[in-house]
Every structure is written in C-alpha cells, then in structure tokens.
Number of protein chains: 2
Amino acid sequence: MAVTIKEVAKRANVAPSTVSRVIANSSRISEKTKERVREAMTELGYHPNYNARSLANKSTKTIGIVMPNSAKVSFQNPFFPEVIRGISMKAYQSGYGLYLSTGHTEEEILEEVKQMVFGGRVDGIVLLYSRVNDQVMPFLIEQKFPFVLIGRPYQVDESLVTYVNNDNFKAAKLVTEYLLLLGHEKIGFIGGNLDFVVTIDHMNGYEQALKNANITVNESYKVYHDELKEGGQDAVIELMSNEHPPTALIVADDIMTFGVIRMLEDMNMKVPHDMSIVSFNNVMISELSSPPMTTVDIHIYDLGFKATELLMHQLEDPTIGVEHVIIPHKLVKRQTCKLDHGASRG
Amino acid sequence: MAVTIKEVAKRANVAPSTVSRVIANSSRISEKTKERVREAMTELGYHPNYNARSLANKSTKTIGIVMPNSAKVSFQNPFFPEVIRGISMKAYQSGYGLYLSTGHTEEEILEEVKQMVFGGRVDGIVLLYSRVNDQVMPFLIEQKFPFVLIGRPYQVDESLVTYVNNDNFKAAKLVTEYLLLLGHEKIGFIGGNLDFVVTIDHMNGYEQALKNANITVNESYKVYHDELKEGGQDAVIELMSNEHPPTALIVADDIMTFGVIRMLEDMNMKVPHDMSIVSFNNVMISELSSPPMTTVDIHIYDLGFKATELLMHQLEDPTIGVEHVIIPHKLVKRQTCKLDHGASRG
DNA sequence: CTGAAAGCGCTTACAG
DNA sequence: CTGAAAGCGCTTACAG
C-alpha cells in the first residue's frame, strides 16, 4: 500500500535510519545524501505514517478541541465555529491537525479527553469552555497534560492553568453602565447557562454596575437560559411577565438576541423604541438582525487563535510555565439602544 | 506515564496477548480470565494507545472531514457547522472520532488528504463539497480509499462514488416555478461560487423552469458570488443595476440572503413588497431574518448524518459497493414572497 | 483457552 | 556522516 521508509531507503541506497534523519532534516546528514533521499521520496510519493511516528516519538502533531456539548449541540451557536476558525488558522500555520470531541454529556466528554490523553491521540488540548464543577480541567492538570483554556478557571487555582479570556465582568459592567447612562433603570439580565463561568462573570458585572448606581438588584430581572435562540425567546416571556417589565435588556449571546427581538416583535414591542438591547459576542451575523444589534465584540476568532498560539508555546517549550492573555472587548454600537422615555438624565 | 497492556497483563497474571484479546472481547478467552483482566484494567486506569493500535491493525477509528476552504473560511457559513453536527452525531454513536482539515487552497487540501490517507490518520473521509476540476476525489478513488461525498460527483463516473445529496436541480426548478406562479417573470438568480457543482445544478434548474414557461433566460439576471453575506450584497448591486431589475430573487444560500435583504433595505426597497426572495438551505438562523425568509430546507444535518452512516457501511463491509442517497428538500414558506404587482395571473 | 514471537513503520541512542 | 539495533504499545497468526 503506502510507501514506507524502507523502500525509500532501498531506492536511495541508504539505511532507513538515514531516511528518518533526512525527514527530520538532521544537520548530521550530508547535503548530497539528503538530496538523493529526497529525490527517492518524491519519486515514490512517500508520506510518513503518522501512527508509527507518533508511537516512536510520542508526538501526534494534532490538537484536541474539547467542546462543552459535542459538535451536535455546540455548533448550533456560531461562537464555536468562530473560535475554531481561529484555532484552525494557527494550527495550520504550525503544522498541526485538529481532532474534535464528539461526546454529549460531561461524563462522555471526560472519557473522550482521557482517550485523547492516554491514547496518545493529541499533543495538547484547547478547552473551549469553563464550567462549574468541571471534571476535565482537574484531570488535565493532574496529568500535567498541555492545554489552554478559553475562559477562566473556576474552583481551580489560576496559577495552574494557561488561559485566554475576555474580561467578561468588565464587559458586562460596561454595557450596564451604558444602559444606565441612557436613562434605563429597569434593566433585565438574560444570562446564559449558569453552569458556565462566563455567565457568572456577566452577572457580577451587571450587579456591580447597578450597585455603583445605587440601584437595588431586582432578582426577577435576572433569568438564565441556554445560548440558543429559543433561550432568548423563553427569557423574554419570563421577563415581560413582571409587573414592571424592564425597559432594557442585557443578553448573554447574539443568537439569543435574535430570539429576543423576534419574541418582542410578536408581542408588538419595537426595538429600540420600547426596549433597548445590548448583547455579547458580535458573531458574524449579528449585524444582520433588524434592527442591527448593539453588542460587545469579544473577538472570538482571536480567542481561538491566541489560545492555540499559547498551546504551541507549551508544546515547543514544556518549561515555559503558565500564561494568561485577556483579549480586549469593544462595544459595537448599532441600533438596538436608545434613551429611556421617562429618563430625566442625558 | 500511561498504563500499558504489559502492566495490565502482569497484574492479571496473563500474557499481553491475552489482554489484547480481552480488549477485543475475543470469544476464545474464558469469562473468568476476562473478568480478571478487566478488573486489572480499571484498577490501573488502562486506556489503549491509539497509535500503537492503529499501527498494528491499520484502523484509527477516526473519520476525516474535508472542507472546501479550511475551517477558517468555511465556518463563516453555518452550513458547515450544521453538517458537522450530523456527522458528529453518527460518528459518536459508532465510536469514531473526528479529524478536521485545515488547509486553505486546493493544493494544501489535497496535500492534507494525502497525509490522512497515506499517513494512516483516518479510516475514511467525508468530503463536504463537490467542485469542478476537483483533484481530491480522483485521488481518493484511485487509492480506493473509503469516502462519502456530500454533493454529487462531476467529471467522475457516478458509479464510482458513494454520495449523499439533495436534488438541487429539482429544488431550484421548484422555487423558480413558485415565483413564476406568483406572477414574477423577471427573476434574478444569485448563485454561489460557480466552482461548486451545487451552483451549476441550481442554475440549470432555474433555466429549465424558465424555458418550460417560455421565458428566455436573461444572462444579466444571473450572478455568482461566494456564499457569504458580502456575496449577497454585491449580487444585489449587480442585479439592481439592470435597466429592468428583477422583481424576484433566487438566492443560493441563506447567509447571502441576509446580505441581500440588508442591501435592499439600504436601497429603500421593501421585502417582499418590492422584491420577492426565495433562498436555499434553511440554516438555524434563517427564520430570524426580517422578514423571515422563504427558503428550501435541504436538511443539512441529515446530509451529514447519512453520509457518515454510509461511510460506516463501507468501513464495516468493504465489499458493500457504491450507495447513493438523495435527501428530500422542502420549501419552507415564510414571508419573503408575494404576488407580482403587474401580474395578470393568480 | 492461553502464550511466545513477529511485525506494524517509525525514531533514536549507540557505535564507528 | 552513516548504519545496525532496540524500542514505542499494540495485534495476530502460529503453537500448544
């Protein structure tokens, strides 16, 4: 079937070990021999067997991508394809392949990660989420396996894990302050799944901003749903059932916002006239909502790219130690926010 | 580091070959021994080394996913995450992992595919596209490597390749006829990249419907752009520059349609009042355009799932031969189409 | 029903 | 500068 190193060796009149060294471009082989071997390789159409190579030198040249819920669920939100775009770019540049987790439940995912680690399927992992009571991260730390987290560690010491994150607390505080400045005081918070650390950070930023403005937090203004359009729709129903419904909404995710806008429309409420909305993420299609949504660009692509870069650092130099990178966020003002009617301030 | 078969063997007081047979659940091992070995495995936390296993029995238990443009580009369109959802689901059920292509150019991708095939990185491939002058498919055929195409072969004999596809010709004919019935005669066609076979099929279906209705095809009503929102926007500019612009549009892809709607809005044209639109794909967010778009549901998830199922057939039984599956399409009527003003028919 | 041995295709000390 | 040999962790005929 496939051409092996032996056949190349025979053709080039050298030992297999020499061929191996030519592949590795060892400086101990003469240019003349190298050329001869390379010629034989192209003539025969040689391609190295990755399994053999991996087995011999314990390096697979592939990166594992671990998603919170399997592609099946996660890929319903453009956040994940977008991070993977960034990961893919850097991985390709560095000559790495990508291996995707496919498990659904937390147990299945943990089992997959064990397979990746013990089975020698990948050299390192990019963890695309940070969740409360997570089992995966402690496992990776315990195994001293190279990985980078997108998000921030929780219930685990920061000094133990390399991560790339946004300052989600600050971002949430920012958008809340923005709405406050527009005169809103009844601000609803539509968080993502509370199992995820990003949701906790958003929520804390929101509360902090309210506290700073001397507004007491109304618990019935806070709801949590999965980051899907359905989540956004359900959230609106909940919030609008309040006796005094909010006049502005902070929404954890742009896809939810699509659902939110649609549901408000169904309720005959105009955005931004009757409801202001600020969202998070700025995925590719966010500008295509109508009205175009105001959202926080968290530079998803960069999160993926940078995380992979840090992973490469670790793989190239295992002694490099922990690194932390915060990707800046940026409020993108479009057309879902306006001054509150009853507002007395400017 | 990781526990090997040897250590398990020692602990269970058997030979490594016996452990191997227990893993494979060979019927030639006594239940008693199996139990003893399994106990040892869990006690030691044994996980098989995939590289060693793959090397020894030439099976990786992973599927390669080959995209037209690397994740970097492809993932900008929700079509791809959505197919991968389907692939992921079936792959997980069958105990397979997923390996993703990362190359950008056609040459890079071909090189990656060679790596997958010769390097023994995957057992089979799901090809997510069919393009004119494609090099990848002929290579896979020549190598007799198991793969399934999503799309249909072009410049290659159908009897040589297992594929899953929609009847894109028929679907395009259908939507054209639908617009004709609504009284439209000036129907613009916004195709995807003409390198892709699906675009050709769409175009032919469109022309056939026009011919059947005795309407001559206006070449300036046909434009082709990449399947991105920008593509949709550019297409609108082109088409609206016609002396007699179309009153209805067939758009190759929902994401393009988002761009189309936005651009028309900028031109102060109302959909569907001033322009009817039918689109293809029905991705997750399609119903969230405003107005919600009328589109052909091609059941993307099913394409991925079914393709993977067919690939499994091949892997389980290499003699099974070629299979062809057509996934049905369905026109989802929402709110981007209406009767043409000047129409005399009903 | 179980074991000893060869082999999968590489890499890498060890010699020279 | 190059080669012979051992080894990576499995699987699988071959014996018994």
Side-chain angles (χ1 to χ4, degrees), chain A residues 1-38 40-41 44-62 95 114-123, chain B residues 1-38 40-41 44-62 95 114-123:
Chain A
M1 236 186 53
V3 182
T4 74
I5 217 173
K6 275 189 194 172
E7 303 170 50
V8 175
K10 195 168 287 173
R11 175 138 193 154
N13 259 313
V14 294
S17 46
T18 301
V19 176
S20 178
R21 289 194 187 97
V22 173
I23 294 169
N25 201 14
S26 159
S27 58
R28 288 158 49 199
I29 305 290
S30 72
E31 270 311 316
K32 227 171 159 179
T33 310
K34 277 186 185 172
E35 220 150 285
R36 196 148 39 91
V37 171
R38 285 189 184 127
M41 293 199 309
L44 296 173
Y46 171 76
H47 283 258
N49 181 309
Y50 275 86
N51 298 123
R53 172 180 284 187
S54 300
L55 186 59
N57 69 8
K58 272 108 182 52
S59 139
T60 60
K61 286 284 177 189
T62 112
K114 284 184 180 173
Q115 275 189 21
M116 292 190 203
V117 172
F118 292 135
R121 282 192 143 170
V122 303
D123 292 346
Chain B
M1 235 186 54
V3 182
T4 73
I5 217 174
K6 278 190 192 171
E7 301 168 51
V8 176
K10 195 167 285 173
R11 177 140 192 155
N13 259 313
V14 294
S17 45
T18 301
V19 177
S20 178
R21 290 195 187 94
V22 174
I23 294 169
N25 201 16
S26 160
S27 58
R28 291 156 48 198
I29 304 291
S30 73
E31 271 312 317
K32 225 172 159 181
T33 311
K34 278 187 187 173
E35 218 150 286
R36 197 148 38 92
V37 171
R38 286 191 182 123
M41 292 198 309
L44 295 173
Y46 172 76
H47 283 257
N49 179 310
Y50 276 85
N51 299 122
R53 170 179 287 187
S54 301
L55 187 59
N57 69 6
K58 272 110 183 51
S59 139
T60 60
K61 287 284 178 188
T62 112
K114 286 185 179 171
Q115 276 189 21
M116 292 189 200
V117 172
F118 292 135
R121 282 192 142 171
V122 303
D123 291 346

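Throughout, a chain's letter reflects where its sequence line sits, starting with A, and its residues are numbered from 1.
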(message) Going by side chain to side chain donor-acceptor pair (under 3.5 Å), name the residues that satisfy it together with B/Lys61, two or more places apart in sequence or in a different chain.
(response) none
(message) Could you work out, with side chain to side chain donor-acceptor pair (under 3.5 Å) as the rule, every residue matching A/Asn51, not counting sequence neighbours?
(response) none
(request) Using side chain to side chain donor-acceptor pair (under 3.5 Å) as the criterion, list what pairs up with A/Ser54, not counting sequence neighbours. (result) none
(message) Using a 4.0 Å cut-off to any heavy atom of chain B, which nucleotides of DNA chain C are the first and last in contact, reading 5' to 3'?
(response) C/dC1 to C/dG9
(message) At 4.0 Å (heavy atoms only), tell me whether A/Ser20 reaches a base, stays on the sugar-phosphate, or touches nothing.
(response) base
(request) Applying salt bridge (Lys or Arg N to Asp or Glu O under 4.0 Å), name anything that partners B/Arg36, two or more places apart in sequence or on another chain. (result) none
(message) According to side-chain contact (heavy atoms from CB on, under 4.5 Å), who are the partners of B/Ala56, at least two apart in sequence or on a separate chain?
(response) none
(request) Nearest-nucleotide wise, let me know which of B/Arg21 and B/Ala56 is further upstream toward the 5' end of DNA chain C. (result) B/Arg21
(request) Could I get the full list of side-chain contact (heavy atoms from CB on, under 4.5 Å) partners for B/Ala40, not counting sequence neighbours? (result) B/Val8, B/Arg11, B/Ala12
(message) I need the B/Glu35 CD to B/Glu31 CD distance, nearest 0.5 Å.
(response) 7.0 Å
(request) Identify, with sequence neighbours excluded, every residue that meets side chain to side chain donor-acceptor pair (under 3.5 Å) alongside B/Thr18. (result) none
(message) What does the 5'-to-3' dot-bracket notation of DNA chain C look like when only Watson-Crick and G-U wobble pairs under 3.5 Å count, and pairs to other strands show as |?
(response) |||.||||||||.|||
(message) Suppose the criterion is salt bridge (charged side-chain N to carboxylate O under 4.0 Å, His left out): which pairs have a residue in residues 12-26 of chain A, not counting sequence neighbours?
(response) none
(request) Tell me which residues in residues 27-37 of chain B put a heavy atom below 4.0 Å from DNA chain C, sorted by number, or none. (result) B/Arg28, B/Ile29, B/Ser30, B/Thr33
(message) Classify B/Ser17 by what it touches in the nucleic acid, base, sugar-phosphate, or nothing, heavy-atom distance under 4.0 Å.
(response) base
Identify each donor-acceptor pair in which a side-chain atom of residues 22-30 of chain A lies under 3.5 Å from a protein atom, sequence neighbours left out, and give them as a table.
| residue | atom | partner | partner atom | Å |
| --- | --- | --- | --- | --- |
| A/Asn25 | OD1 | A/Lys34 | NZ | 2.8 |
| A/Asn25 | OD1 | A/Arg38 | NH2 | 3.2 |
| A/Ser26 | OG | A/Arg28 | N | 3.1 |
| A/Ser30 | OG | A/Thr33 | N | 3.2 |
| A/Ser30 | OG | A/Thr33 | OG1 | 2.7 |

